[in-house]
2 protein chains.
Amino acid sequence: MSRTSQATLGRRLYHPDRDEIRLESVLSALSDPIRLRIVRELARGHDDMACIAFDLPVSKSTCTHHFRVLREAGVIHQYYEGTSRMSRLREDDLEARMPGLLSAVLGAA
Amino acid sequence: MSRTSQATLGRRLYHPDRDEIRLESVLSALSDPIRLRIVRELARGHDDMACIAFDLPVSKSTCTHHFRVLREAGVIHQYYEGTSRMSRLREDDLEARMPGLLSAVLGAA
DNA sequence: GTCGTATTACGAAGGTTGTCAAACTACGAC
DNA sequence: GTCGTAGTTTGACAACCTTCGTAATACGAC
């Protein structure tokens with residue numbers, strides 16, 4: 001304990017490198033309606049968003065779970081800002097690895 | 001019994017209509033490595049293919065299962081031809097419902 | 001330090017998925 | 001008719017996924 005502001009750094013969040021992002025994982029991450037909704041909101045979303053801003057119809061722990069799946073698949077980037085966890089779409093990385101995929105998903109009915 | 005060539009017709013295969021194809025189902029269907037491999041082969045594939053032509057590293061029943069998932073998601077169309085079951089990508093339907101998705105998936109690493 | 005907020009971690013229930021083997025059905029060739 | 005080939009169906013199993021509640025943690029404000 002002790003070290004006060006180390007904690008934020010201590011809470012490490014795994015993010016795959018750009019070239020570690022796997023198509024299967026991304027598709028799988030996007031195949032859940034709640035996660036799709038998160039991604040759509042992030043895409044519409046003008047700015048990075050805290051988890052709480054999404055107002056999802058699930059419990060807090062389930063929410064954490066879905067954000068983790070998206071992050072570990074490489075779809076979103078997350079970082080701590082005070083007590084909140086901000087999320088941002090990894091649009092550039094996705095576009096580099098699977099060109100057109102994200103926009104096709106967002107554009108679909 | 002009796003009616004000889006009725007049987008092929010009797011074995012009905014469910015296919016969703018074009019406008020029943022759901023994004024989540026398609027993404028989920030494509031998120032499995034074996035199914036992705038099937039789709040890639042079909043896309044490269046010049047012609048409709050029988051299941052056996054794929055030479056997949058799984059048992060027959062598992063094979064049946066994967067083809068069914070693809071068919072019920074609306075990704076492929078299947079029909080009987082003698083003792084074989086032929087498969088074909090529903091490229092037009094997919095393109096109409098989720099433009100660019102299939103080619104993005106096929107183009108990805 | 002204490003308190004409140006945002007979030008994570010743990011553990012469990014319930015459902016779905018991928019896999020197989022064994023038994024079965026449908027068709028074509030003979 | 002019989003035989004072989006292609007595929008299905010059933011039933012099983014382990015692994016995973018989604019969900020939750022509860023307990024714990026990290027930070028900001030006081």
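As the structure is a computational prediction, the values presented were derived from the model and not from experiment. Chain letters run A, B, ... following the sequence lines, proteins first and then strands; every chain starts at 1.
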Side chains of [X] and [Y]: closer than 4.5 Å at any heavy-atom pair?
X      : Y     : result
A:E24  : B:L36 : yes
A:M98  : A:L23 : yes
A:L106 : A:V39 : yes
B:V75  : B:L94 : yes

Subject >> Footprint string (nucleotides 13-20 of chain C, 5' to 3'): B base within contact, S backbone only, - free, heavy atoms under 4.0 Å >> reply: -----SBB
Measure the distance from [atom1] on [X] to [atom2] on [N] and round it to the nearest whole Å.
X     : N      : atom1 : atom2 : answer
A:L70 : D:dT18 : CG    : P     : 10 Å
A:F54 : C:dT7  : CZ    : C1'   : 14 Å
A:L56 : C:dT7  : CG    : P     : 11 Å
A:L13 : C:dA6  : CG    : P     : 18 Å
B:I52 : C:dC27 : CD1   : P     : 18 Å
B:M86 : C:dA26 : CE    : C1'   : 16 Å
B:Q78 : D:dG7  : CD    : C1'   : 10 Å
B:F67 : D:dT9  : CZ    : P     : 15 Å

Original post:
At under 4.0 Å between heavy atoms, what does B:T64 touch on the DNA or RNA strands: base, sugar-phosphate, or nothing?
Top reply: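 Base contact.
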**OP:** Looking only at non-hydrogen atoms, find the nearest pair between A:S87 and A:Q78 and report the distance.
**Re:**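 Taking every non-hydrogen atom into account, OG-NE2, 3.1 Å.
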Original post:
Is the backbone of A:A29 close enough, under 3.5 Å, to the side chain of A:R35 for a donor and an acceptor to pair up by distance?
Top reply: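 Present.
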